[in-house]
Amino acid sequence: MEDRRNLILAILLTGLVLFGWPYVADYFFPQPQPTAEQIAAREKAANGATNAAGAASDINAINSDNAPQKIISVAKALQGNPRVKIDTPKLSGSINLEGAKFDDILLLAHRTKLAKDSPKVRLFAPSGTEDAYYARFAWVGNGVVLPDNKSVWNTSAAVLTPRSPVTLDWSNPQGQKFEIILTIDDDYMINVTQKFTNNIASNSAASAETETATDTNEDTQTTQAESTTSIAAAAVSIAPIGILNRATAPEDQGFWNVHVGPMGVFSEADDDSSYIADYDYGYDDVEEEADGIDFTTKGGWLGFTDKYWLSALIPDQNTKTRAKFTAPNGNYQTIMVRETQDQVATGASIEHKSSLFAGAKEVEILDQYTDELGIPKLDLAIDWGWFRVIEKFFFKILNTFFGWFDNFGFAIIGLTIVVRGLMFPIAQKQFASMAQMRAIQPKMKKIQERFKDDKQKQQQEIMKLYKDEKANPLAGCLPILIQIPIFFALYKLLLVSIEMRHQPFILWIKDLSVQDPLTPVNLFGLLPFTPPEFLTIGILPIIIGLSLWGMQRLNPQPMDEIQKQIFGLMPWFLVFVMAPFAAGLQLYWAVSNILTIAQQKWLYSRHPQLKEQMAKDAEAKAAEKAKKAAE
């Protein structure tokens with residue numbers, strides 16, 4: 001049938017795009033791997049604060065770390081400085097008191113590999129390590145000595161937990177005090193309050209230094225002490241900043257339909273509550289912009305999004321903020337700065353609140369932060385794409401079934417049954433159209449034979465036949481149009497959903513987020529070799545091919561022999577197309593095909609005239625084949 005062939009063609013083209021583009025992109029646009037020298041150089045810009053003159057809107061007013069002499073291990077880096085431990089149900093790690101850096105965060109609910117003893121996923125790593133990645137909160141300002149990335153902070157407690165906040169403090173020689181007050185929840189949100197007190201009561205420190213000076217430099221020391229007193233006694237301009245620093249891009253940045261890299265959500269107007277999620281920039285785009293990429297926003301957020309993980313700086317949602325993506329010396333950074341500086345008088349204090357998200361992109365948690373905490377569109381850190389409404393609807397169904405069955409594979413089967421059930425009325429109309437087209441097929445064949453030398457007249461007569469018989473060859477297109485976004489939405493959901501990562505089904509399928517590993521190419525693992533990826537044809541893709549072949553056998557066959565041969569090969573070609581896809585998607589398509597075959601058989605029982613016509617067609621083809629053989 002024509003619409004069934006259109007469906008197969010549409011699915012084929014969709015599979016080719018989904019499957020083929022990553023290989024085309026890798027071949028023509030390969031991502032260069034950094035050299036050891038480049039990795040070392042990327043630590044050069046590591047986010048110190050500055051004393052430079054200028055407004056807080058000068059987002060470039062940030063010092064840089066020196067490039068490390070050599071790359072060190074994470075274990076060695078963690079031994080170097082005093083730290084505050086992080087201990088929550090989902091996070092562990094520590095805060096480096098040198099520079100007040102969040103540079104050691106492990107995700108306790110997620111492992112790097114499927115094996116139960118594989119390491120936990122490390123999100124943040126200390127400066128000087130190969131994949132250095134961290135956040136810090138600091139200040140820019142005028143007339144004040146600021147803490148930098150080498151300043152060692154004091155701490156009020158040794159451990160940060162959801163029930164025990166921690167305050168970090170540091171005072172400059174003038175007695176001005178900086179505080180970072182930290183709280184953390186049970187998931188992935190760290191709340192940060194940056195407080196500055198312009199306290200001049202500690203000028204005795206400068207006086208004491210002056211008194212201990214020797215007679216030979218007494219005049220110089222007196223001048224310095226007077227300068228220090230002058231700075232401390234005056235009002236200062238100051239503003240908070242937040243910085244995310246990443247030495248290397250992630251390995252999984254090659255997804256053409258899933259954004260990986262710098263991203264943010266920015267307001268469309270200063271006083272507007274409308275926000276836009278910006279997926280426009282990748283790591284290479286930031287590298288190409290020598291001055292970085294600047295934004296101005298009221299609220300919103302910005303950070304780095306990986307396929308499954310997210311780190312995001314979240315400013316006060318009522319504050320106008322300057323934001324920036326930049327890559328000094330190849331070291332990727334996102335920076336947020338309060339646009340206007342506070343004028344802090346002597347003896348006064350100011351404080352500003354912000355947050356840091358550091359964790360997994362779990363759908364319900366991101367939705368909760370968006371809805372309950374009012375963080376605009378944090379849920380769009382997951383790049384849902386065009387069919388977000390369908391995908392999130394599917395996710396709710398999947399998550400409900402997963403709660404019932406405690407097995408993601410059975411949840412996918414449940415979703416497949418729901419989808420086929422919702423489409424059943426449409427399928428009935430499609431089948432009725434197919435029956436009508438099948439009934440007039442003998443007449444169409446006679447027209448084709450009668451006007452085989454006049455294609456224009458042939459088309460005119462066929463259109464007249466459609467009109468006389470009130471048949472519509474396009475009536476079956478609606479189900480096709482519906483199935484394409486459904487298929488793509490499910491593909492995208494299973495691709496971006498961390499909830500399916502490392503989830504088993506039954507028997508040999510240990511991870512539904514990767515391709516079916518069991519293949520007859522190596523006799524299902526009996527031969528001691530791993531075939532190339534394009535030859536790893538799993539059991540589920542083979543079931544897909546067999547079921548598509550079965551569906552073809554139930555449908556009208558093309559009258560043209562060349563078309564018949566092409567469409568006869570399609571199920572087996574699609575086996576290779578589907579082989580690299582996630583086993584979860586393969587499971588959906590295999591079950592959907594089996595349900596479709598059962599549905600078609602039931603509908604055939606409701607339309608016996610169509611079954612009789614199919615039998616007559618089969619007899620006619622057999623007779624024609626026998627005649628040709630006899631000739």
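Only heavy atoms go into these numbers, but all of them, side chains included; no hydrogens, no water, no symmetry mates.
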**Request:** Classify the angle between the aromatic ring planes of Trp404 and Phe401 as parallel (below 30°), tilted (30 to 60°) or perpendicular (above 60°).
**Result:** perpendicular

**Request:** Look only at the side chain of Trp384 and the backbone of Glu391, and say whether a donor-acceptor pair between them is shorter than 3.5 Å.
**Result:** no

**Prompt:** Under 4.0 Å between a Lys/Arg side-chain N and an Asp/Glu carboxylate O for Asp104 and Arg122?
**Reply:** yes

**Request:** Answer yes or no: does atom CZ of Arg388 have more than 12 heavy-atom neighbours from other residues, nucleotides or ligands under 6.0 Å?
**Result:** no

**Message:** Could you walk me through whether Asp367 and Lys392 satisfy the salt bridge (charged side-chain N to carboxylate O under 4.0 Å, His left out) test, starting with their C-alpha distance in whole Å, then the side-chain angles of each, then the deciding distance to 0.1 Å, before giving a yes or no?
**Reply:** CA-CA 11 Å; Asp367 286 346; Lys392 296 198 80 169; 2.9 Å; yes

**Asked** Does Lys361 use its side chain to pair, donor to acceptor, with the backbone of Ala381 at less than 3.5 Å?
**Response** yes

Output a table of donor-acceptor pairs, distance under 3.5 Å, between side-chain atoms of residues 571-585 and any protein atom two or more places apart or on a different chain; print 'none' if there are none.
none

**Request:** Could you grab the distance from atom CZ of Phe408 to atom CD1 of Ile509, nearest 0.5 Å is fine?
**Result:** 14.0 Å

**Asked** Any luck finding a side-chain donor-acceptor pair between Asp185 and Tyr369 under 3.5 Å?
**Response** yes

**Request:** Answer whether the closest heavy-atom distance between the side chains of Leu490 and Leu493 falls below 4.5 Å.
**Result:** yes

**Request:** Decide side-chain contact (heavy atoms from CB on, under 4.5 Å) for Leu310 and Phe304; before the verdict, give the C-alpha distance in whole Å, the side-chain angles of both, and the deciding distance to 0.1 Å.
**Result:** CA-CA 6 Å; Leu310 172 70; Phe304 295 115; over 6 Å; no

**Asked** Looking at Leu107 and Ala360, what are the two nearest heavy atoms and their distance?
**Response** CD1-N, 4.1 Å

**Request:** To the nearest 0.5 angstrom, please state how far the CE atom of Met423 sits from the OG1 atom of Thr596.
**Result:** 8.5 Å

**Message:** Is it true that, when you exclude Phe393 itself, more than 12 heavy atoms of the residues, nucleotides or ligands shown sit nearer than 6.0 Å to its CZ?
**Reply:** no

**Prompt:** Are His110 and Trp309 side-chain neighbours, meaning at least one heavy-atom pair lies under 4.5 Å?
**Reply:** yes

**CG-CD1 distance between Leu512 and Ile412, expressed to the nearest 0.5 angstrom** = 5.0 Å

**Asked** Can you check side-chain contact (heavy atoms from CB on, under 4.5 Å) on Phe505 and Asp511, steps first, answer last?
**Response** CA-CA 7 Å; Phe505 179 35; Asp511 186 354; over 6 Å; no

**Message:** Tell me if a side-chain donor or acceptor on Asn593 pairs with a main-chain N or O of Ala590 at a distance below 3.5 Å.
**Reply:** no

**Request:** Look at the side chain of Asn245 and the backbone N and O of Gln333, then say whether any donor-acceptor pair between them is shorter than 3.5 Å.
**Result:** no

**Request:** Start with the C-alpha distance between Asp516 and Leu587, add both sets of side-chain angles, then the distance that settles side-chain contact (heavy atoms from CB on, under 4.5 Å), and finish with yes or no.
**Result:** CA-CA 9 Å; Asp516 184 345; Leu587 177 64; over 6 Å; no

**Prompt:** Are Asp278 and Met263 close enough that some pair of their side-chain heavy atoms sits under 4.5 Å apart?
**Reply:** no

**Message:** To the closest 0.5 Å, what do you measure between CD1 (Ile190) and CG (Leu91)?
**Reply:** 6.5 Å

**Request:** Return the minimal non-hydrogen interatomic distance between Pro250 and Asp306, and the atom names on each side.
**Result:** CG-OD1, 3.6 Å

**Prompt:** Is Phe325 close to Leu302 at the side-chain level, that is, under 4.5 Å between some pair of heavy atoms?
**Reply:** yes

**Asked** Any sub-3.5 Å donor-acceptor pair from Thr370's side-chain atoms to Leu366's backbone N or O?
**Response** yes

**Request:** Evaluate the side-chain proximity of Pro262 to Tyr332: yes if any heavy-atom separation is below 4.5 Å, no if none is.
**Result:** no

**Request:** Ignoring hydrogens and angles, state whether a donor on the side chain of Tyr283 or Arg246 is under 3.5 Å from an acceptor on the partner side chain.
**Result:** yes

**Message:** Quick check: closest heavy atoms across Val419 and Ile486, and the distance to 0.1 Å?
**Reply:** CG1-CG2, 4.0 Å

**Item:** 4.5 Å side-chain heavy-atom contact, Met189 and Leu356
**Value:** no

**Request:** Return yes when atom CH2 of Trp386 has more than 12 non-hydrogen atoms of other residues, nucleotides or ligands closer than 6.0 Å, and no otherwise.
**Result:** no

**Prompt:** What heavy-atom pair brings Lys492 and Val258 nearest, and what distance separates the two atoms?
**Reply:** CE-CG2, 3.7 Å

**Prompt:** Do Tyr133 and Phe124 have their ring centres less than 6.0 Å from each other?
**Reply:** yes

**Message:** Measuring from atom CD1 of Ile382 to atom CD of Glu362, what distance do you get when rounded to the nearest 0.5 angstrom?
**Reply:** 9.0 Å

**Request:** Output yes when a side-chain donor or acceptor of Arg111 lies under 3.5 Å from a complementary backbone atom of Lys120, and no otherwise.
**Result:** no

**Working for side-chain contact (heavy atoms from CB on, under 4.5 Å), residues Glu499 and Val363** = CA-CA 8 Å; Glu499 284 77 6; Val363 175; 3.8 Å; yes

**Request:** List the atom of Lys90, the atom of Asp186, and the distance in Å for their closest heavy-atom pair.
**Result:** CG-O, 3.8 Å

**Message:** Can you confirm whether the side chains of Asn399 and Glu364 place a donor and an acceptor under 3.5 Å from each other?
**Reply:** yes

**Asked** Is a side-chain donor or acceptor of Ser592 paired with a backbone partner of Tyr588 at a separation under 3.5 angstrom?
**Response** no

**Request:** Flag the pair Phe102 / Tyr134 as yes when at least one side-chain heavy-atom distance between them is below 4.5 Å, and no otherwise.
**Result:** no

**Pairwise distance CH2(Trp589) to OG1(Thr416) - rounded to 0.5 angstrom** = 13.0 Å

**Side chain proximity check, Thr519 to Ile542, heavy atoms < 4.5 angstrom** = no

**Message:** So which atom in Ala135 and which in Leu244 form the shortest heavy-atom distance, rounded to 0.1 Å?
**Reply:** CB-CD2, 3.5 Å

**Message:** Donor-acceptor check, side chain of Ser118 to backbone of Ala115, threshold 3.5 angstrom: yes or no?
**Reply:** yes

**Message:** Please check: side-chain N/O of Ser513 versus main-chain N/O of Arg501, any donor-acceptor pairing under 3.5 Å?
**Reply:** no

